[in-house]
Amino acid sequence: MRVATHASDVDGIVSAALVLMKHPSAKIDYLTLRDLSSALEIEYDLVVDLPKLPLAKVNVDHHISNYEKVTKNNLLSGKDLIDPHAPSAASLLIKYLNLENNAKAKKLVELANIADTGRYSKKTYILDKIIKCHSNEPDILHKIAWILVEKGDDFLDDEWLKNEWRRISKFLDKGRELSERIVKNVLKKKIKYLIVDLIEGFPRLAISDLQWLFINKGGNVIIVVNRMRDNDPVCPSLTKNASDDTARISIRVSRNCDFNGRAFAEKLGGGGHVKAAGARVKASNYFEALGKMISELSIYGFVGYIQVRNKIKFF
Ligand SMILES: [Mn+2]
């Protein structure tokens, strides 16, 4: 049995764990959206939490963009399970695999549901950070999936995960200190629309925490641009493509703001959800993209722009 799942989040790895519960010898490919173009000719038995691949026998997913594309082009087979209203792909997969009466599986699905509906729990947060840190390392993702099979949502009883969390959390604390300084300064100036341009020295794993903090303290839209070229000391695999010439743009929108993050990301060649979206642009096109971002946001209010060049080393 050959399976593809989403590499970089809780839903994808929980889905891998569900597959392993049922099919321990399944071969699982952990793919990011960028890997898809190289997987077009693989005959997967199952593709989870990813868009439907041409030779996939079954697709289990909950992304609205995938659903729209599949229905528009008549690609839906009777076996596919694509429901854009499902809180996670794992919540569909547990039905598909007939694991609904398995207590461990149910608790894992709850983690995926929390992660993919933007809610917060400490356990989901920890698991998400460890997965993101290793999102380019399939062997480690597979190891994490097996830990989930064995421990269920008590995964922090596992020594390896416990040590990983100890190692990573120090680094996230530094990110939080930096984020608090940024957010406090900006909100003092009554700026609710913010672009943060990361040039150097911001912990990559803490970018989403910066966004969350800004929104939670009353900001409306935060766009973080990651243009950092320095190596990441704690999650080195995140920066192994040192030649990478892209600026990664990540957009978060508060619940009470009607700015459409997805439509905006699509104008920059990206995509995602209304409240959380992203795009990648060539570094050489960055200033053009920045101009677009500022003019779009300024329709809504004053726009703040901050560059982060942090020379302080974390360790
Ligand atoms: Mn998902």
Side-chain angles (χ1 to χ4, degrees), residues 3-22 26 28-36 39 44 46-53 56 58-71 75-76 80-97 99-100 105-121 123-136 138 141-142 144-145 148-149 152-153 155 205 207-208 211-212 250-253 261-262 265 270-279:
V3 179
T5 189
H6 191 198
S8 45
D9 68 6
V10 170
D11 194 16
I13 307 308
V14 162
S15 294
L18 296 181
V19 169
L20 292 171
M21 281 180 179
K22 198 84 182 195
I28 301 181
D29 292 344
Y30 296 88
L31 307 179
T32 65
L33 294 178
R34 272 182 307 151
D35 298 326
L36 292 179
Y44 286 110
L46 178 61
V47 173
V48 192
D49 200 30
L50 289 168
K52 184 159 187 175
L53 288 166
V58 180
N59 185 204
V60 175
D61 187 33
H62 69 131
H63 291 96
I64 179 108
S65 47
N66 185 29
Y67 179 77
E68 284 171 355
K69 196 174 158 209
V70 165
T71 46
L75 299 170
L76 206 61
D80 293 331
L81 205 52
I82 307 176
D83 177 1
H85 300 294
S88 64
S91 71
L92 298 168
L93 187 63
I94 193 173
K95 293 179 204 159
Y96 178 78
L97 295 171
L99 286 168
E100 285 164 291
K106 276 202 288 200
K107 284 194 167 171
L108 290 177
V109 168
E110 183 53 22
L111 292 175
N113 290 348
I114 290 170
D116 271 23
T117 51
R119 285 179 287 152
Y120 174 86
S121 82
K123 273 185 183 173
T124 305
Y125 176 82
I126 292 172
L127 185 59
D128 180 63
K129 293 298 181 188
I130 298 173
I131 289 169
K132 293 244 166 21
C133 187
H134 297 289
S135 56
N136 292 327
L141 296 176
H142 200 58
I144 296 171
L148 295 179
V149 172
D153 80 335
F155 54 86
L205 217 49
I207 291 175
S208 58
Q211 294 176 308
W212 183 86
S250 169
I251 304 144
R252 292 290 178 280
V253 182
R262 181 186 173 193
H273 307 279
V274 175
K275 300 291 179 199

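Just so you know, ligand 1 is whichever comes first in the structure, and atom 1 is the first atom listed for that ligand.
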Fill in: Sum of protein N, O or S atoms, each under 2.8 Å from the Mn ion (ligand 1)
4
Fill in: Main-chain N/O of Lys52 paired with Asn66 side-chain donor or acceptor, under 3.5 Å
yes
Worksheet item: Counting distance only, does the side-chain N/O of Asp11 pair as donor-acceptor with the main-chain N or O of Ala90 below 3.5 Å?
Response: yes
Worksheet item: ring-ring contact (aromatic ring centres under 6.0 Å, His included) with Tyr30: which residues, sequence neighbours excluded?
Response: His142
Worksheet item: Are Arg34 and Thr32 linked by a side-chain donor-acceptor pair shorter than 3.5 Å?
Response: no
Worksheet item: Can you tell me how far CD1 of Ile82 sits from CD1 of Ile64, rounded to the nearest 0.5 angstrom?
Response: 11.5 Å
Worksheet item: Can you check whether Leu50's main-chain N or O pairs, donor with acceptor, with Asn59's side chain at less than 3.5 Å?
Response: yes
